[in-house]
Amino acid sequence: MALLPNSATEPDGSAVIRVLSYNIRSMRDDTDALARVITACAPDLVLVQEAPRFFRWRKKLARLAAASGQVVLTGGATAAGPAILCSLRATVERTEDVLLPLTPGLHRRGFATAVVRFGATRLGVLSCHLSLQRDERHEQGGLLLDRLAGLGVEHAVAGGDLNEGPDGRTFRRLAETLQDCRATAPWGGEFTSTPADPRRRIDAVFATKGIEALGCGVPVDQPGVREADLRAATDHLPVLAALRIPA
């Protein structure tokens, strides 16, 4: 299988970036394995779900970022779990953590959002972890699209744990407006849940239409990513996408 292109700035000012979406289960598993997987993927942006939210959560997230060559951009407990990490290649314009309406008896959900620059390109970014409850999840899908549109940038990416597959109505709602990068440019493995016996694709990276998806999938053949680490790191497999963002 061909390797994904490396991060680069093109002569025309466009930027090739790598975006990793990863549910890290509050770092309750093997954090060394988790850091090795992230490092091997060489991402410019890491869209995290289930970041630590309780005792010393900022310290834990910062430690993971440092161990994997990233810095904490935004999110964590302040977004009810989603977070964004980035490489030093990104210039941060602004960030905002958004708490979504709370349904009594269900988990609080939120979005971690940012606008960043890579050279001459501007990019909106959103990390999400949608509800387990079908109707609430569908409503959150609409809020996600509204929030992306409200970032005020032409190009944007969103990624996360959708808690449903491509045949689900919320997944379809997102894929009607955005590119499902895996469907556009399949690369690597398809299924993300669970690492021991992956059968469902419930984690995804989406991009606005003007972005070129160069490859997207579970980085099973990425150099440095070991199956033992993928199994030990958390209860989801990550999704890695290479994208070309126009200048």
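In this structure, Leu230 is not a member of the same hydrophobic cluster as Val19, with clusters built from ILVMFWY side-chain heavy atoms closer than 4.5 Å. A continuous path of hydrophobic side-chain contacts links Leu178 to Leu130 [ILVMFWY only; heavy atoms under 4.5 Å]. Hydrophobic clustering, with ILVMFWY side chains joined whenever heavy atoms are under 4.5 angstrom apart, groups Val220 together with Val46. Hydrophobic clustering, with ILVMFWY side chains joined whenever heavy atoms are under 4.5 angstrom apart, keeps Val72 apart from Trp57. Val116 and Leu126 fall into different hydrophobic clusters, where Ile, Leu, Val, Met, Phe, Trp and Tyr are joined by side-chain heavy atoms under 4.5 Å apart, directly or via other members.
Applying the ring pair (Phe, Tyr, Trp, His ring centres under 6.0 Å) test to residues at least two apart or on different chains, the pairs with a partner in residues 170-192 are Phe171-Phe206.
Among His129, Gln133, Arg134, Arg200, the one residue that satisfies the side-chain contact (heavy atoms from CB on, under 4.5 Å) test with Asn163 is His129. Between His236 and the choices Thr194, Thr192, Asp203, the side chain to side chain donor-acceptor pair (under 3.5 Å) rule is met once, by Asp203. The only option from Leu85, Val125, Asn23, Leu20 that meets the side-chain contact (heavy atoms from CB on, under 4.5 Å) definition with Leu47 turns out to be Val125.
With sequence neighbours excluded, no residue forms a ring-ring contact (aromatic ring centres under 6.0 Å, His included) with Tyr22. Not counting sequence neighbours, the partners of Asp180 by the side chain to side chain donor-acceptor pair (under 3.5 Å) test are Arg201. Here Phe111 pairs with nothing under the ring-ring contact (aromatic ring centres under 6.0 Å, His included) rule; sequence neighbours left out.
Scanning all heavy atoms of the two residues, the minimum distance from Ala204 to Ser21 falls at O-OG, 4.1 Å. Nearest heavy atoms, Asp235 versus Pro195: O-CD, 3.1 Å. Residues Ala241 and Val205 share a closest heavy-atom pair of CB-CG1, 4.1 Å. The shortest non-hydrogen separation linking Pro52 to Met27 is CG-SD, 3.5 Å. For the pair Arg137 and Leu162, the tightest heavy-atom approach, listed with the atom from each and the gap, is CD-O, 3.0 Å. Between Ala51 and Ala83, the shortest heavy-atom contact is CB-CB, 4.1 Å.
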**Request:** Using the side chain to side chain contact (heavy atoms under 4.5 Å, CB included) rule, take Gln222 and Leu240 through it: C-alpha gap first, then chi angles, then the decisive distance, then the call.
**Result:** CA-CA 10 Å; Gln222 171 70 18; Leu240 179 63; 4.3 Å; yes
**Message:** Please determine whether salt bridge (charged side-chain N to carboxylate O under 4.0 Å, His left out) holds for the pair Glu227 and Arg231, giving the CA-CA distance in whole Å, both sets of side-chain angles, and the decisive distance to 0.1 Å.
**Reply:** CA-CA 6 Å; Glu227 186 179 348; Arg231 286 179 175 233; 3.3 Å; yes
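Side-chain atoms of Arg94 do not come within 3.5 Å of backbone N or O of Thr113 as any donor-acceptor pair. At least one donor-acceptor pair closer than 3.5 Å links the side chain of Arg18 to the backbone N or O of Cys41. Remark: the backbone N or O of Gln70 is not paired with any side-chain donor or acceptor of Ser68 at under 3.5 angstrom. Not a single donor-acceptor pair under 3.5 Å links the side chain of Arg36 to the backbone N or O of Val225.
Atom OG of Ser193 and atom CG of Leu237 lie 8.0 Å apart (nearest 0.5 Å). Separation of atoms CG (Asp30) and CG (Asp229) is listed at 7.0 Å; rounding is to 0.5 Å. The OG1 atom of Thr9 sits 10.5 Å away from atom CD1 of Ile17, with the distance rounded to the nearest 0.5 Å. We find the CG-OG1 distance between Leu243 and Thr184 to be 10.0 Å, quoted to the nearest 0.5 Å. Summarising the geometry, atom CG belonging to Asp161 is positioned 6.0 Å from atom CD belonging to Gln49; distances are rounded to the nearest 0.5 Å. The structure places CD1 of Ile84 at 8.5 Å from SG of Cys86, a figure rounded to the nearest 0.5 Å.
In this structure, Val37 and Pro238 have side chains that are in contact, with non-hydrogen atoms separated by less than 4.5 Å. Within the 4.5 Å cutoff, no side-chain heavy atoms of Ile245 are placed close to those of Phe118.
Between the side chains of Thr74 and Asp97, a donor-acceptor pair is found at a separation under 3.5 Å.
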Let me check something: any side-chain donor-acceptor pairs from residues 153-160 under 3.5 Å, sequence neighbours excluded? List them with distances.
none

Listed pairs under 3.5 Å, donor-acceptor, residues 138-151 side chains, sequence neighbours left out:
from: His138; atom 1: ND1; to: Arg173; atom 2: NH1; distance (Å): 3.3
from: Gln140; atom 1: OE1; to: Ser131; atom 2: N; distance (Å): 2.8
from: Arg147; atom 1: NH1; to: Glu96; atom 2: OE1; distance (Å): 3.4

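Here Glu136 does not pair with Arg109 in a salt bridge; the nearest charged N to carboxylate O distance is not below 4.0 Å.
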